[in-house]
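Okay, so here's the structure we're looking at.
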Amino acid sequence: MLTVIAPATGKQIGDIPETPISQVDIFYQKGKNAFLQWSKLTVLERAEYLLKLKTIIVEQMEEIVKIISEDTGKVVTEALIADIMPTLDGIDHITRHGEKILKRKRVKTPLLLIGKKSFIEYMPRGVVLIISPWNYPMQLAMVPMLSALGSGNTVILKPSEVTPLVGKCIEDLFIKAGFPDGVVQVAHGGKEVGAAFTNGKPDYIFFTGSVRTGKIIQQVAAKDLIPTTLELGGKDPMIVFADAHLERAAKGAAWAAFTNSGQVCMSVERLYVEKTIYPQFLSLLKKEIMDLKQGNDQDADVGSMTFPAQLQIVKDQLEDALSNGAQLEIGLPPEKWANGMFLPLTVVTNVNHQMKIIQEESFGPLLPVIALDNEEEVISLANDTVYGLNASVWTRDKEKARRVASKLVSGAVVINDAIISIANHGLPFGGAKQSGIGRYHGEAGIRIFCHEKSIVEDNGQKKSEIHWYPYRDKFPLFLQLFKSYFQTNRDWVRFVQYYLRILKKN
Ligand code: NAD
């Protein structure tokens with residue numbers, strides 16, 4: 001049994017039976033059998049099921065919000081806007097655009113392949129294993145599931161053991177929506193269950209979680225050359241130039257650093273502020289943070305932490321920074337923290353790029369602020385971590401914003417806002433460097449779940465082809481043919497002459 005403790009209250013709120021590891025083969029066999037029928041449906045037929053799911057989610061919105069909020073400790077407003085809304089929007093994306101994105105497409109055929117037609121087809125892969133984390137337990141499981149299902153695959157979801165009620169809720173939603181047996185299966189449990197399913201030879205693995213686990217999964221997948229998408233951690237920089245709308249930037253920083261208690265892969269975890277406005281900006285930022293209300297009632301801004309082990313990571317990073325000369329601007333030193341899962345919202349200054357607080361993912365309400373000298377320096381500082389998931393640039397100078405954005409080694413950059421690129425399902429989402437491999441969302445996010453198959457079609461009426469046997473006497477003619485074709489100014493007369501001469505040799 002997975003015992004469910006509500007992090008905000010410490011109360012036990014449920015028990016979810018773990019999936020026995022002995023069931024792995026049965027899950028895969030069931031998924032494979034279901035694939036035979038599910039993959040035969042058209043995209044529009046599969047969309048019908050997704051639309052039914054959408055209706056159920058809309059009807060049960062309040063109950064789902066409650067489950068997510070209790071299971072994670074996040075405030076209800078965030079459960080709604082950052083877990084449920086992106087899921088519904090994900091259904092709209094696949095049901096509105098899936099057919100066009102997955103349609104057989106005709107592409108140009110080069111002249112050297114005269115008489116043929118070329119197409120691209122998208123063929124579902126089979127059984128897709130989706131392993132998801134606890135910070136946005138609905139969105140980060142559902143969005144890849146929807147794309148995998150919409151494109152004709154069957155899915156095994158292994159949700160996080162830290163938020164098992166949401167995993168159970170997802171399972172129930174698909175049952176209520178009437179998906180055929182075996183199309184969606186949910187395996188509950190921890191890393192042992194995740195590892196057993198990873199070893200079960202899925203046709204694709206879509207993993208969201210830590211860099212550490214991502215590397216393990218990639219190694220296991222490599223043994224059987226199983227393709228993967230890895231959505232991993234981040235250490236996102238926010239860059240505020242002196243000409244930015246400072247009040248907006250301060251509000252934006254407070255939100256982007258502390259939403260979901262900082263447990264966001266794209267949280268602002270490093271704030272670079274131009275020197276000339278540094279003191280002014282810091283006081284604006286502090287004012288914004290002081291006004292935030294922590295709690296678990298309907299009007300609260302910041303909820304609790306979700307995963308107890310995460311507290312230790314935040315504590316270590318803060319202790320390391322303070323013992324190396326960092327200054328606490330807001331918050332408390334760890335020895336003064338109250339018991340429980342609510343951490344003080346913390347801002348520190350006087351930090352340097354060697355500190356853990358700057359180099360390692362915090363995944364908590366911890367915001368280091370650094371003064372910046374100039375554009376070149378801040379670009380190099382922003383790029384100075386192993387991560388590259390998201391970043392933000394704040395300035396009224398559009399040219400500067402775009403110039404800086406294009407030099408950041410990052411999966412996405414947001415200008416004068418933060419995090420929200422993930423909310424546009426039309427944009428590809430994913431990381432650079434150790435923040436991940438591959439993309440989802442957008443067209444790519446649907447096509448990754450398919451084999452991209454090239455088809456070349458000949459009408460089969462000619463007896464032979466010029467490049468087939470016999471080669472006798474053809475070599476000098478081919479030389480002339482290719483020279484006339486590839487020379488700077490194509491010589492059509494010679495091309496046709498040599499083409500016809502080769503044809504005669506067949
Ligand atoms: P985690 O890596 O500990 O766990 C993620 C999932 O992997 C869980 O379901 C877990 O049970 C499973 N798992 C753990 N070990 C496994 C193994 N050996 N084999 C198979 N499965 C295994 O991550 P977490 O603590 O749940 O999530 C936090 C991390 O996720 C952070 O680093 C965060 O930045 C990252 N994250 C990334 C994105 C993104 O889109 N890039 C989004 C959210 C979170």
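Note that the numbering runs from 1 along the sequence shown for the chain. Numbering of ligands and ligand atoms starts at 1, following listing order.
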- Query: Between Lys235 and Ser435, do the side chains contain an N or O donor and an N or O acceptor separated by less than 3.5 Å?
  - Reply: no
- Task: Consider only side-chain N and O atoms of Tyr122 and Glu452, and report whether a donor and an acceptor are under 3.5 Å apart.
- Result: yes
- Message: Can you report which non-hydrogen protein atom sits closest to atom 24 (P) of ligand 1, along with the distance?
- Response: Trp134 NE1, 3.4 Å
- Which atoms of ligand 1 have any heavy atom of Ser160 under 4.0 Å away? 9 (O)
- Message: To check your reading of the model: name the closest protein heavy atom to atom 38 (C) of ligand 1, its residue, and the distance in Å.
- Response: Cys265 SG, 3.1 Å
- Message: Suppose we measure from atom 8 (C) of ligand 1 to each protein heavy atom; which comes out shortest, and what is that distance?
- Response: Ser132 O, 3.4 Å
- Query: Which of the listed options, Ile422, Ile216, Val264, holds the heavy atom that is closest to atom 18 (N) of ligand 1?
  - Reply: Ile216
- Message: Between Glu62 and Lys66, does any side-chain N to carboxylate O distance fall below 4.0 Å?
- Response: no
- Write out the residue and atom name of the closest protein heavy atom to atom 35 (C) of ligand 1, then the distance separating them to 0.1 Å. Gly209 O, 3.1 Å
- Query: If you measure from each non-hydrogen atom of Leu389 to ligand 1, which part falls under 4.0 Å: side chain, backbone, both or neither?
  - Reply: side chain
- Flag the pair Val127 / Phe27 as yes when at least one side-chain heavy-atom distance between them is below 4.5 Å, and no otherwise. no
- Which of these passes side-chain contact (heavy atoms from CB on, under 4.5 Å) with Ile68: Val65, Asp71, Ile64? Ile64
- Query: Between the candidates Pro137, Ala141, Ser210, which shows the shortest non-hydrogen contact distance to atom 2 (O) of ligand 1?
  - Reply: Ser210
- Side chains of Gln434 and Lys215: do they bring a donor and an acceptor to under 3.5 Å? yes
- Message: Using the rule given for side chain to side chain contact (heavy atoms under 4.5 Å, CB included), can you reason through Cys450 versus Met123, listing the C-alpha separation, both sets of side-chain angles and the distance that settles it, and then say yes or no?
- Response: CA-CA 5 Å; Cys450 295; Met123 179 178 147; 5.6 Å; no
- Query: Looking only at heavy atoms, is any part of Thr208 under 4.0 Å from ligand 1, and if so is it the side chain, the backbone, or both, or is it neither?
  - Reply: both
- Query: Should the ring pair Phe197 and Tyr28 be called parallel, tilted or perpendicular, given that the plane angle runs from 0 to 90° and is split at 30 and 60?
  - Reply: tilted
- Item | Nearest-neighbour protein heavy atom for atom 13 (N) of ligand 1, which is reported as residue plus atom name and distance | Thr213 CG2, 3.7 Å
- Which segment of Phe429 sits under 4.0 Å of ligand 1 when only heavy atoms are counted: side chain
- Task: Starting at CD1 of Ile358, measure out to CZ of Arg270 and round the result to the nearest 0.5 Å.
- Result: 7.0 Å
- Item | Identity and separation of the nearest protein heavy atom to atom 31 (C) of ligand 1 | Glu361 OE1, 3.4 Å
- A student checking ligand 1 against Gly194 at a 4.0 Å heavy-atom cut-off should list atoms 19 (N), 20 (C), 21 (N)
- By number and element, which atoms of ligand 1 are closer than 4.0 Å to a non-hydrogen atom of Thr198? 20 (C)
- Message: Within the 4.0 Å heavy-atom shell around Asn135, which atoms of ligand 1 are there?
- Response: 43 (C), 44 (C)
- Query: For atom 37 (C) of ligand 1, which protein heavy atom lies nearest, and how many Å away is it?
  - Reply: Leu232 O, 3.0 Å
- Which one holds for Phe197 and ligand 1: side chain close, backbone close, both close, or neither close, with close meaning a heavy atom under 4.0 Å? neither
- Classify the contact between Glu161 and ligand 1 as side chain, backbone, both or neither, using a heavy-atom distance cut-off of under 4.0 Å. side chain
- Item | For Glu231, the ligand 1 atoms whose distance to one of its heavy atoms is below 4.0 Å | 37 (C), 38 (C), 39 (C), 40 (O), 41 (N)
- Message: Hydrogens and angles aside, do Thr349 and Glu329 bring a side-chain donor and acceptor to less than 3.5 Å of each other?
- Response: yes
- Side chain, backbone, both or neither: which part of Ile217 has a heavy atom under 4.0 Å from ligand 1? side chain
- Spacing of CG belonging to Leu345 relative to CD belonging to Glu288, to within rounding of 0.5 Å: 12.5 Å
- Within a distance under 4.0 Å of any heavy atom of Leu140, pick out the atoms of ligand 1 and give their elements. 42 (C), 43 (C)
- Could you see which bit of Phe363 sits under 4.0 Å from ligand 1, with heavy atoms only: side chain, backbone, both or neither? side chain
- Would a line drawn from the ring center of Trp38 to the ring center of Tyr49 be shorter than 6.0 Å? yes
- Any Phe207 heavy atom less than 4.0 Å to ligand 1: yes
- Val193 and Ala187 have their tightest heavy-atom pair at CG1-CB, 4.2 Å
- Message: Is a donor from one side chain sitting under 3.5 angstrom from an acceptor on the other, for Tyr204 and Thr229?
- Response: yes
- Task: Just do the salt bridge (charged side-chain N to carboxylate O under 4.0 Å, His left out) check on Asp172 and Lys176 with the steps written out, would you?
- Result: CA-CA 6 Å; Asp172 293 343; Lys176 279 180 200 144; 5.5 Å; no
- Task: Please could you name the atoms of ligand 1 that Lys158 approaches to less than 4.0 Å, counting only its heavy atoms?
- Result: 8 (C), 9 (O), 10 (C), 11 (O)
- Where is the nearest protein heavy atom to atom 15 (N) of ligand 1: which residue, which atom, and how far? Lys191 CB, 3.1 Å
